[in-house]
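Labels below follow one simple rule: chain letters A, B, ... track the order of the sequence lines, proteins then strands, and each chain is numbered from 1. Not measured: the values here are computed from a predicted model.
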Number of protein chains: 2
Amino acid sequence: MKNDKQKTRDRILDAAEELFAQKGHEGVSVRQIMAKAEADVSLAYYHFKSKRDLFDQVMLRRADILNDIRLKALEAVEKRHPADAPTVEEIIDAFTHPLLDLLAREHDEWKYYFRLIAQVNNSPEWGGELMTRYFDPLVERFVQALRKALPDCEDADLFWSYHFLSGALTLTFAETGRIDNLSGGTVKSSDLASVVERMPKFLAAGFERLCK
Amino acid sequence: MKNDKQKTRDRILDAAEELFAQKGHEGVSVRQIMAKAEADVSLAYYHFKSKRDLFDQVMLRRADILNDIRLKALEAVEKRHPADAPTVEEIIDAFTHPLLDLLAREHDEWKYYFRLIAQVNNSPEWGGELMTRYFDPLVERFVQALRKALPDCEDADLFWSYHFLSGALTLTFAETGRIDNLSGGTVKSSDLASVVERMPKFLAAGFERLCK
DNA sequence: ACTAGTATTCAACGATCGTTGAAATTATAC
DNA sequence: GTATAATTTCAACGATCGTTGAATACTAGT
């Protein structure tokens with residue numbers, strides 16, 4: 001039953017994604033994952049080579065989708081500007097908007113994956129290698145576009161600006177609720193429409209001041 | 001031997017800090033910590049109530065120092081402006097500069113603590129409660145100062161701006177080396193002087209555009 | 001030197017960890 | 001329907017986990 005195979009493997013991936021996002025790679029046992037997936041412990045090692053392999057597959061599963069929609073968003077912006085270069089805010093919007101939009105519209109489907117990304121990006125253990133492997137080709141593409149929009153910008157300013165962008169974006173993904181506490185309820189981390197309209201403006205201003 | 005007691009306790013805290021920062025709370029065992037501290041496993045439970053308590057004490061140990069130097073930096077800026085309000089960049093500089101400066105000048109002493117903060121801030125499990133408990137009083141103080149510098153700014157814009165700031169700052173603390181890979185070596189995450197001169201400018205621009 | 005408290009060592013508890021091999025079940029192809 | 005392959009179950013391995021209690025060494029006050 002081909003259908004069931006896929007179902008079981010995906011159920012394991014779903015359970016692993018949620019638990020990894022909440023407690024981290026080492027904070028969750030294979031047994032806990034399989035209990036949530038309602039399958040025998042051994043099945044983890046039938047469908048995956050090891051716990052680490054399962055973790056990698058969780059990361060991989062959705063990475064291509066993200067890279068795809070972001071690339072398409074960038075190409076759409078560039079197509080709108082056949083002669084001149086797009087503005088910085090347009091480029092940043094193409095980089096962030098698809099993700100925030102996805103998180104907003106299919107929240108239950110994507111929230112755990114984004115939380116996982118937030119943790120991985122900020123972990124010395126995983127951040128360097130994993131993020132580079134899965135997302136850097138796309139990021140380089142965006143950096144190119146930004147360089148064209150800011151032709152006088154030095155590389156150091158450009159890369160540091162991207163670094164600040166990355167930090168702001170991933171903390172938003174984490175949805176820790178800290179901003180909720182801090183603001184006394186006037187701001188909700190789950191209010192992503194609120195972020196979509198603010199983040200590109202905020203970050204574009206940073207790029208432009210640093211790269212002027 | 002009062003001196004040795006403090007020595008042992010601190011050795012345990014040092015070892016725990018380094019390992020927690022690298023692998024996370026669940027990624028490290030008490031035995032590994034005590035091996036690095038060169039002390040018997042039981043001593044962990046003589047000096048601390050539990051593994052979780054040890055983690056909390058690691059977090060607490062340096063929090064007061066940070067809150068203190070940042071508050072002093074803010075007060076210094078305000079003293080320089082007896083009549084008018086300080087600029088946004090001055091306030092953000094008071095918020096970020098002391099930390100980056102500390103990390104730069106006493107790197108070996110502080111790097112693991114900052115990496116730990118980066119992970120905690122981006123973890124749904126810890127981020128909300130722990131960060132709130134240790135750092136929010138100071139953050140509220142800074143938000144007040146920013147509100148005075150940006151009197152027309154709505155609270156939502158102000159808090160979201162702080163949120164972006166927080167993400168950029170903590171990712172810098174993480175020192176994952178990802179920016180090193182991405183830039184092909186032109187930028188080094190360890191080059192903190194480079195950050196000190198860029199981050200306040202970048203972030204102040206964001207605040208000002210969003211809150212204009 | 002004796003005592004009281006502090007600090008450290010040693011040995012062990014039950015629980016849970018990641019992982020595996022072999023048997024049993026179910027689906028697919030002829 | 002029978003053989004073959006894919007999937008699932010069951011039982012268990014040695015290792016390591018957080019934690020504890022009791023015995024030992026050390027320090028400080030008298």
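Side-chain N/O atoms of B:Thr186 and A:Asp155 include no donor and acceptor closer than 3.5 Å. A:His163 and B:Thr172 share a side-chain donor-acceptor pair at under 3.5 Å. A donor-acceptor pair shorter than 3.5 Å can be found between the side chains of B:Asn121 and B:Ser166.
B:Ile33 places its CD1 atom 12 Å from the C1' atom of D:dC17, with the value rounded to the nearest Å. Rounding to whole angstrom units, CZ of residue A:Arg11 and C1' of D:dT8 are separated by 11 Å. Rounded to a whole Å, the NZ atom of A:Lys51 is 15 Å from the C1' atom of D:dA15. Spacing between atom CG of B:Leu43 and atom C1' of D:dA25 amounts to 12 Å, rounded to whole angstrom units. One interatomic measurement links the two molecules: CZ of B:Phe48 to C1' of C:dA7, which rounds to 14 Å at whole-angstrom precision. Going from atom CD of B:Glu38 over to atom P of C:dT8 covers 13 Å, rounded to whole Å. Remark: P of D:dT19 and CZ of B:Arg52 are 12 Å apart, rounded to the nearest angstrom. At whole-Å resolution of the value, CG in B:Asp40 and P in D:dT24 are 15 Å apart.
With sequence neighbours left out, the side chain to side chain donor-acceptor pair (under 3.5 Å) criterion links A:Arg31 to no other residue.
Between B:Phe55 and B:Trp126, the distance from one ring center to the other falls under 6.0 angstrom.
Salt bridge present: B:Lys111 and B:Asp108 bring a charged side-chain N and a carboxylate O closer than 4.0 Å. Electrostatic pairing of A:Arg11 and A:Glu38 does not count as a salt bridge here, judged by no charged N lying under 4.0 Å from a carboxylate O.
For A:Ser42 against C:dT19, a side-chain-to-base donor-acceptor contact under 3.5 Å is absent.
Consecutive Watson-Crick or G-U pairs involving DNA chain D, each under 3.5 Å on both distances, make up stems of three or more pairs at C:1-30 with D:1-30.
Taking side-chain N and O atoms only, B:Tyr46 has no distance below 4.0 Å to OP1 or OP2 of C:dT8. Taking only side-chain nitrogens and oxygens, A:Tyr45 comes nearer than 4.0 Å to OP1 or OP2 of C:dT19. For C:dT6, neither phosphate oxygen OP1 nor OP2 lies less than 4.0 angstrom from any side-chain nitrogen or oxygen of B:His47.
Between B:Phe164 and B:Trp160, the angle of the ring planes stays under 30°, which puts this pair in the parallel group of the 30/60° scheme.
For the pair B:Phe142/B:Ile91, a side-chain contact is recorded, criterion being any heavy-atom separation below 4.5 Å from C-beta on.
Looking at residues 14-31 of chain B, you'll see B:Val28, B:Ser29, B:Val30, B:Arg31 sit with a heavy atom under 4.0 Å from some atom of DNA chain D.
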